[in-house]
Participant: 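Quick one: the structure is below, questions incoming.
Every chain is numbered from 1, with letters handed out A, B, ... down the list of sequences.
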Protein chains: 2
Amino acid sequence: MSDSAQDTALQDSRTLADRVFSRLQDDIVLGALPPGTKLGETELAARYGVSRGPLREAIRRLESRKLLERVPHVGTRVASLKASDLIEIYRVREALEGMAARLAAENMTDDDVASLRELLSRHEQQQDLKEDTAYFQREGDLDFHYRIIQGSHNRTLIDLLIGEIYHLVRMYRYQFSMTANRPQKALAEHRRIIEAIESRDGEMAELLMRRHISRARENIEANNP
Amino acid sequence: MSDSAQDTALQDSRTLADRVFSRLQDDIVLGALPPGTKLGETELAARYGVSRGPLREAIRRLESRKLLERVPHVGTRVASLKASDLIEIYRVREALEGMAARLAAENMTDDDVASLRELLSRHEQQQDLKEDTAYFQREGDLDFHYRIIQGSHNRTLIDLLIGEIYHLVRMYRYQFSMTANRPQKALAEHRRIIEAIESRDGEMAELLMRRHISRARENIEANNP
DNA sequence: CAAGGCTGGATTGTTGACAATCCAGCCTTG
DNA sequence: CAAGGCTGGATTGTCAACAATCCAGCCTTG
């Protein structure tokens, strides 16, 4: 098995720069390239087996997404992030995901809602088994939020949250190895949000989602003096 | 005077790709390159006097900002936008600028607030002179919103709105040659928002800003069946 | 005459080489 | 011995040529 040329073969459709973009983004978000790492273009080009041209295109895109910091004529490094940045992001999440919840309550299909309710049930069962570990809950939490965002049926909003914001959130989670330390409460909040969506109460869904994210932010603020 | 090499000389600091990025973005937003225009790389490279390398980096960044649509192996064209897209964007603006107004009420310095109040006075005077024309008001409207966004003191929020959203809004305005057709009402709404900020009432500022943008959206929806 | 395949031209994707810029470390100098 | 300038090496920025892909229009064929 040739180390990593395998996955490259799978996604043969897109262009080289696109694949490098995806792989680099994964390596950054998942922590293979820790924050602050200096990224030499020649070195990276060799690592991914491409020339510097496509690599630079990928770098420019990741720079737009705030995953890389670049200084002209000096170099680019993996964005290293302060807790205050994460708090800023949570303010944005509060606004955007609140709107997403409102629109989801208005626009989700009945099937979508049923499927979401079923997802919650699975989470509650997992919760019974392993009380506070909440490892799966962490990714499950993302699943839950992803579904509601998609349910807004607002392409602009979806692209902003999934494409621009959530990569940063996930990177922070890995970086600070943030374990959701209030899983039962979060789960209860999820349940109330779903109830609001089920009754097609957009205003209530928005209110509850904003509280939900606001509390997560307060939790972060408390743990990062 | 050499046509446009002038402005290029002014901003000599940044890299070539950065300058091409700015110029191309202006040409798109201001309408020099109308929506749907096919952008040949060779042709563009000649037009801006650069090679295709930096040009492609600029294109990738503009693609991230939704100003260009690219199809691999086929080409890139200026994003051509439907009214439904603009409505989606206004939902996002409602959420984000609502939050910005809340944070501005909490975080703006007293000097910022005073300066904002003064800006409003200028707009009201202009309004007295030319009743409904509202040409300056249109750009003045942007000024007003820019100030409040900056006043949030939330770098993430500012970059999102100024860097990603507002270019699209401005492009739409030029494309549809949208003239704000309710300037007095808009101005009155601006005044009430400022009053909320002056009294440091974040909740009220957010509520009023959301209504303000929501009404603009309804106005668009009414005029685009 | 319509439908489908094919070919030539043009455009995009990629590459490796060349030029400009920066910086660490040495050397000079007060 | 500290401060400041300089140089060599390395890295980034830019370019022009080469390869891969696509598509419009022609030609063949039923």
Participant: Classify A:Leu55 by what it touches in the nucleic acid, base, sugar-phosphate, or nothing, heavy-atom distance under 4.0 Å.
Facilitator: nothing
Participant: How would you list all residue pairs meeting side-chain hydrogen bond (donor to acceptor under 3.5 Å, both in side chains) that involve residues 96-111 of chain A, not counting sequence neighbours?
Facilitator: A:Arg93-A:Glu97, A:Glu97-A:His145, A:Glu97-A:Tyr166, A:Arg102-A:Glu206, A:Thr109-A:Asp112, A:Asp110-A:Arg200
Participant: Residues in side chain to side chain donor-acceptor pair (under 3.5 Å) with B:Thr156, at least two apart?
Facilitator: A:Glu88
Participant: Which is true for B:Leu44 with a 4.0 Å heavy-atom rule: it touches a base, it touches only sugar-phosphate, or it touches nothing?
Facilitator: nothing
Participant: Excluding sequence neighbours, so at least two apart, what forms salt bridge (Lys or Arg N to Asp or Glu O under 4.0 Å) with B:Arg117?
Facilitator: B:Glu198
Participant: Is the phosphate of D:dG13 approached by A:Arg70 (side-chain N or O, under 4.0 Å from OP1 or OP2)?
Facilitator: yes
Participant: Detail all sub-3.5 Å separations between protein N/O atoms and N/O atoms belonging to nucleotides 15-17 of chain D.
Facilitator:
{"from": "D:dC15", "atom 1": "OP2", "to": "B:Ser51", "atom 2": "N", "distance (Å)": "2.9"}

Participant: Heavy atoms of chain A, cut-off under 4.0 Å: which first and last nucleotide of DNA chain C, 5' to 3', fall inside that, if you could look?
Facilitator: C:dG13 to C:dC23
Participant: Which residues pass the salt bridge (Lys or Arg N to Asp or Glu O under 4.0 Å) test with B:Arg61, sequence neighbours left out?
Facilitator: B:Asp18
Participant: Is the closest basic N to carboxylate O distance between A:Arg77 and A:Glu69 below 4.0 Å?
Facilitator: no
Participant: Holding to salt bridge (Lys or Arg N to Asp or Glu O under 4.0 Å), I want the full list of residues that pass it with A:Glu118, two or more places apart in sequence or in another chain.
Facilitator: A:Arg122
Participant: With respect to the phosphate group of D:dT14, does any side-chain polar atom (N or O) of B:Thr15 fall under 4.0 Å of OP1 or OP2?
Facilitator: yes
Participant: Once side chain to side chain donor-acceptor pair (under 3.5 Å) is applied, do any residues pair with B:Gln150, and if so which ones, sequence neighbours excluded?
Facilitator: none
Participant: According to salt bridge (charged side-chain N to carboxylate O under 4.0 Å, His left out), does anything in residues 29-39 of chain B pair up with another residue at least two apart or in another chain? List the pairs.
Facilitator: none
Participant: Going by the rule side chain to side chain donor-acceptor pair (under 3.5 Å), which residues pair with B:Ser80 if we only count those two or more places apart in sequence or in a different chain?
Facilitator: none
Participant: Among all residues two or more places apart in sequence or in another chain, which pass the salt bridge (Lys or Arg N to Asp or Glu O under 4.0 Å) test with B:Asp27?
Facilitator: B:Arg47
Participant: Under a 3.5 Å cutoff on both atom distances, Watson-Crick or G-U, what's the dot-bracket for DNA chain D ([ ] crossing, | other strand)?
Facilitator: ||||||||||||||||||||||||||||||
